[in-house]
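This is a predicted model, so every value here is computed, not measured.
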Amino acid sequence: MKKINGLIILTAVLLYSSYSLAQPVVGQQAPDIALPNLRGKIVKLSEMTGQVVLVDFWASWCGPCRKANPNLLSLYNKYKRNGFEIFGVSLDEDEAAYKKAIVADKMSWIQVQESGGWEGPVASLWKVEEIPASYLLDRSGKIVAVNPEKTDLETKIIELLKKEP
């Protein structure tokens, strides 16, 4: 009986530790983010409650990230008046490159910088292993999609915006 209890406890510990090491998943409340914006003001993801939010981890040196920006710009301009927001989290350690990319790509949505790059507290909390990495959140801050494809992203945004806050 003691062996069975020990196995149950060991299994529970392993399941918990593997879950806590995993990236955020669909259905989970998004971990909060509190990082400085372009002006140095701390902006929190939790302040976006009530909006549909795309959390987008990116960097100026990331080709696929930069290639995705025109589509994000189009979606942002199309749906921002309806309650859609993008919360960009740059993993750039070079502040000048980060700011230059924002201007060049016309990213007018919220931008914050994880100055510690991959090893920073937010990137570590979200278990960011590759970029671009994106998470679509409903109005309550729950994750509804992880790295949604371009066509799926717009469909999900429209769906979520139709729901009452």
Side-chain angles (χ1 to χ4, degrees), residues 11-62 64-66 68-69 71-73 75-76 79-80 82-95 98-99 101-102 105 107-150 152-161 163-165:
T11 302
V13 167
L14 288 173
L15 285 173
Y16 175 77
S17 62
S18 66
Y19 178 77
S20 67
L21 294 174
Q23 291 179 324
V25 295
V26 171
Q28 180 182 347
Q29 192 70 26
D32 202 8
I33 297 172
L35 290 169
N37 67 8
L38 291 166
R39 293 184 192 95
K41 179 182 181 251
I42 299 296
V43 180
K44 293 183 177 184
L45 177 61
S46 56
E47 294 169 349
M48 307 293 116
T49 302
Q51 297 181 70
V52 173
V53 179
L54 181 71
V55 177
D56 180 48
F57 288 91
W58 70 284
S60 64
W61 45 262
C62 169
C65 300
R66 303 290 297 276
N69 284 337
N71 182 55
L72 294 181
L73 179 61
L75 290 171
Y76 183 68
Y79 299 108
K80 68 181 175 182
N82 299 323
F84 174 63
E85 185 58 70
I86 300 175
F87 195 92
V89 182
S90 170
L91 298 185
D92 276 285
E93 293 185 53
D94 179 345
E95 189 173 340
Y98 152 71
K99 290 179 177 181
I102 290 169
D105 293 359
M107 294 187 273
S108 56
W109 53 86
I110 295 168
Q111 291 292 338
V112 296
Q113 183 184 17
E114 172 77 284
S115 60
W118 297 98
E119 305 302 318
V122 170
S124 296
L125 177 66
W126 282 71
K127 311 292 189 275
V128 176
E129 295 174 355
E130 62 183 16
I131 53 175
S134 60
Y135 299 83
L136 185 61
L137 313 181
D138 68 11
R139 293 179 190 270
S140 71
K142 282 198 175 147
I143 298 169
V144 296
V146 177
N147 295 323
E149 295 294 323
K150 182 179 176 179
D152 290 339
L153 178 58
E154 185 165 16
T155 301
K156 288 183 184 303
I157 289 169
I158 292 167
E159 212 175 88
L160 292 168
L161 289 173
K163 294 182 180 178
E164 289 297 314

Practice prompt. Hey, could you give me the OG/CG distance between Ser108 and Leu72, rounded to the nearest 0.5 Å?
Written response: 11.0 Å

Discussion item. Let's go through Tyr76 and Glu85 carefully: what are the C-alpha distance in whole Å and the side-chain angles of both, what is the deciding distance for side-chain contact (heavy atoms from CB on, under 4.5 Å) to 0.1 Å, and is it a yes or a no?
Written reply: CA-CA 7 Å; Tyr76 183 68; Glu85 185 58 70; 3.4 Å; yes

Worksheet item: Rounded to the nearest 0.5 Å, how far apart are CG of Leu160 and CD of Gln51?
Response: 13.0 Å

Worksheet item: About how many Å separate CD1 of Ile157 and CD1 of Ile86, when rounded to the nearest 0.5 Å?
Response: 7.0 Å

Worksheet item: Can you tell me how far CD of Glu114 sits from CG of Asp92, rounded to the nearest 0.5 angstrom?
Response: 11.5 Å

Practice prompt. Fit a plane to each ring of Tyr135 and Phe57, take the angle between them on a 0 to 90° scale, and name the class: parallel (under 30°), tilted (30 to 60°) or perpendicular (over 60°).
Written response: perpendicular

Item to complete: Kindly say whether Val25 contributes a backbone atom to a donor-acceptor pair with the side chain of Gln28 at under 3.5 angstrom?
Response: yes

Worksheet item: Pro31 and Leu45: which non-hydrogen atoms are nearest, and at how many Å?
Response: O-CD2, 3.7 Å

Item to complete: Might you confirm whether atom NZ of Lys44 has over 12 heavy atoms from other residues, nucleotides or ligands at distances under 6.0 Å?
Response: no

Worksheet item: Taking the side chain from Glu95 and the backbone from Ser115, do they hold a donor-acceptor pair closer than 3.5 Å?
Response: no

Worksheet, complete the sentence: Taken to the nearest 0.5 Å, the spacing of Ile158 CD1 from Tyr79 OH works out to 3.5 Å

Worksheet item: So, for Asp105 and Asn69, which heavy atoms are closest and what is the spacing to 0.1 Å?
Response: OD2-ND2, 2.8 Å

Practice prompt. Identify the two heavy atoms, one from Met107 and one from Ala101, that lie closest to each other, and give their separation to 0.1 Å.
Written response: CE-O, 3.6 Å

Fill in: Between CG on residue Leu153 and CG on residue Asn147, distance to nearest 0.5 Å
10.5 Å

Practice prompt. Please answer whether the main-chain N or O of Ser60 pairs with a side-chain N or O of Arg66 as donor and acceptor at a distance below 3.5 Å.
Written response: yes

